[in-house]
Amino acid sequence: MKCRICAGKAIIGLPQHNMALCAEHFDNWMLKRVSKAVDEFKMFSKKSNILVAVSGGKDSLALWDILVRLGYNASGLYINLGIEEDDYSDESEEFARSFAERVGRKLYIVDIKENHGMSIPEKAYTKRRKPCSACGVTKRYYMNKIARNESFDVIVTGHNLDDQAAALLGNVLYWKIDYLAKGAPYSPPIESGQFGKAKPLVFCTEKEDAVYCLLKGIPYIQKECPYSKGATSLRWKHILNEIEENSPGAKHAFYFDYVRNIDLFQAKEKEEELPPLTCEICGAPSWNYVCSFCRLWDLDKRGNLSCDMDQN
Amino acid sequence: MKVRYRDKEFEFKESMSVNKLLKKLSLRKSEVVVIKNDTIVTEDEMLRPGDDVRIIDTVSGG
């Protein structure tokens with residue numbers, strides 16, 4: 001295959017765009033894809049204080065690198081979940097730390113075991129919950145907390161087109177209207193002084209993110225989270241990739257045609273929306289008197305762990 | 001040629017395209033990156049005896 005721009009040797013075929021690109025022009029193209037997402041969805045500006053949620057994987061590190069190269073003010077946040085299998089969390093943290101040093105940007109690190117006395121898998125076990133559910137609640141809480149306390153304007157995550165399309169497929173299959181109302185690439189701040197949430201890699205695929213990291217020499221954790229084996233999102237991704245290989249561009253059309261019509265689901269959701277409360281324990285916005293994070297971690301009103309925490 | 005994928009190593013004696021190799025291993029081209037002798041290559045690239053080939057998964061989930 002030849003690069004569509006310079007006719008040099010291509011390193012990646014992009015059938016959904018009916019082209020292939022060489023290393024140099026692919027690099028340039030990735031920057032443009034992120035800029036397009038930021039501009040089209042009005043995610044943030046060069047003046048914004050941006051917090052990148054970093055996992056040590058290809059997507060979040062590619063995103064952080066691209067934002068830095070585009071001249072954005074982007075710091076990182078790594079949350080160590082304490083997953084010891086295969087040394088997963090500590091190795092991921094090392095990739096995040098090394099990258100932060102490489103780009104000379106601040107990296108906030110939250111250590112769950114240090115803060116709460118037990119890891120996510122241990123807490124999930126005591127609560128008879130799935131680790132992924134405890135992980136989601138905890139990561140959201142700390143992302144919001146750091147963004148609020150450190151006055152960030154926006155939290156950005158490395159969700160890509162494959163992630164968004166797979167989530168959409170799962171939500172459509174079971175008609176999860178509340179989730180369908182929230183699948184946009186950008187959620188603006190709920191009120192003034194709050195922060196938005198953005199997914200600037202929404203025009204890029206997982207493969208493109210991996211190729212970007214490999215070309216730029218960005219080391220990232222290649223092993224999968226041990227708890228992601230058999231995840232339904234992986235099944236949706238494989239199904240969508242099969243469709244995509246036979247109908248290039250189908251994934252993009254599936255997700256972005258939904259985004260264009262998202263107000264249909266948002267209008268429905270608004271009718272059912274409850275006024276947000278404030279968690280009695282941590283003070284964070286909540287749908288209940290005690291938020292899901294404080295319930296999960298058995299926090300008392302001083303923010304300490306309750307004495308009966310291990311008896312659940 | 002030597003092909004490394006995950007923790008496995010395969011040896012192929014005949015030349016073939018990346019496309020054919022991926023079919024032999026039941027892999028989708030949209031879900032992997034193929035590296036031949038330290039260079040990322042596209043699906044039409046020919047792989048020949050003596051080449052060092054590495055296949056990297058790109059799908060992650062959870």
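Because the structure is predicted, anything quoted here is derived from the model rather than measured. All chains are named by letter (A, B, ...) in the order of the sequence lines, taking the proteins before the strands, and each is independently numbered beginning at 1.
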TODO: Let me know if V32(B) has heavy atoms under 4.5 Å from chain A in its side chain, its backbone, both or neither.
DONE: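 For V32(B), the backbone is the part near chain A, not the side chain.
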
Got a second to check how far [X]'s [atom1] is from [Y]'s [atom2], nearest 0.5 Å?
X: I40(B); Y: C22(A); atom1: CD1; atom2: SG; answer: 12.0 Å
X: T58(B); Y: L214(A); atom1: OG1; atom2: CG; answer: 10.0 Å
X: N241(A); Y: E31(B); atom1: CG; atom2: CD; answer: 4.0 Å
X: E224(A); Y: R6(B); atom1: CD; atom2: CZ; answer: 9.0 Å
X: K29(B); Y: E244(A); atom1: NZ; atom2: CD; answer: 10.5 Å
X: D162(A); Y: S60(B); atom1: CG; atom2: OG; answer: 8.5 Å

Take atom [atom1] in [X]; do more than 12 heavy atoms of anything else shown fall under 6.0 Å from it?
X: E91(A); atom1: CD; value: yes
X: D38(B); atom1: CG; value: no
X: N246(A); atom1: CG; value: yes
X: K113(A); atom1: NZ; value: yes

Open item on the list: Any non-hydrogen side-chain atom of Q222(A) less than 4.5 Å from a side-chain atom of D57(B)?
Closed with: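 The answer is no; the side chains never approach within 4.5 Å.
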
- [ ] Measure Y220(A) against the heavy atoms of chain B and call it side chain, backbone, both or neither at under 4.5 Å.
- [x]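 Answer is side chain: those atoms of Y220(A) sit under 4.5 Å from chain B.
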
Open item on the list: Listing request: all salt bridge (Lys or Arg N to Asp or Glu O under 4.0 Å) pairs with a residue in residues 201-210 of chain A, at least two apart in sequence or in separate chains.
Closed with: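 Counting only pairs at least two positions apart or across chains, the salt bridge (Lys or Arg N to Asp or Glu O under 4.0 Å) contacts touching residues 201-210 of chain A are K58(A)-E206(A), E206(A)-K237(A), K207(A)-E43(B).
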
TODO: Using a heavy-atom cutoff of under 4.5 Å, enumerate the residues of residues 4-17 of chain A that contact chain B, numbered in order, or state 'none'.
DONE: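 Residues K9(A), A10(A), I11(A), I12(A), G13(A) are the ones that qualify, each having a heavy atom under 4.5 Å from chain B.
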
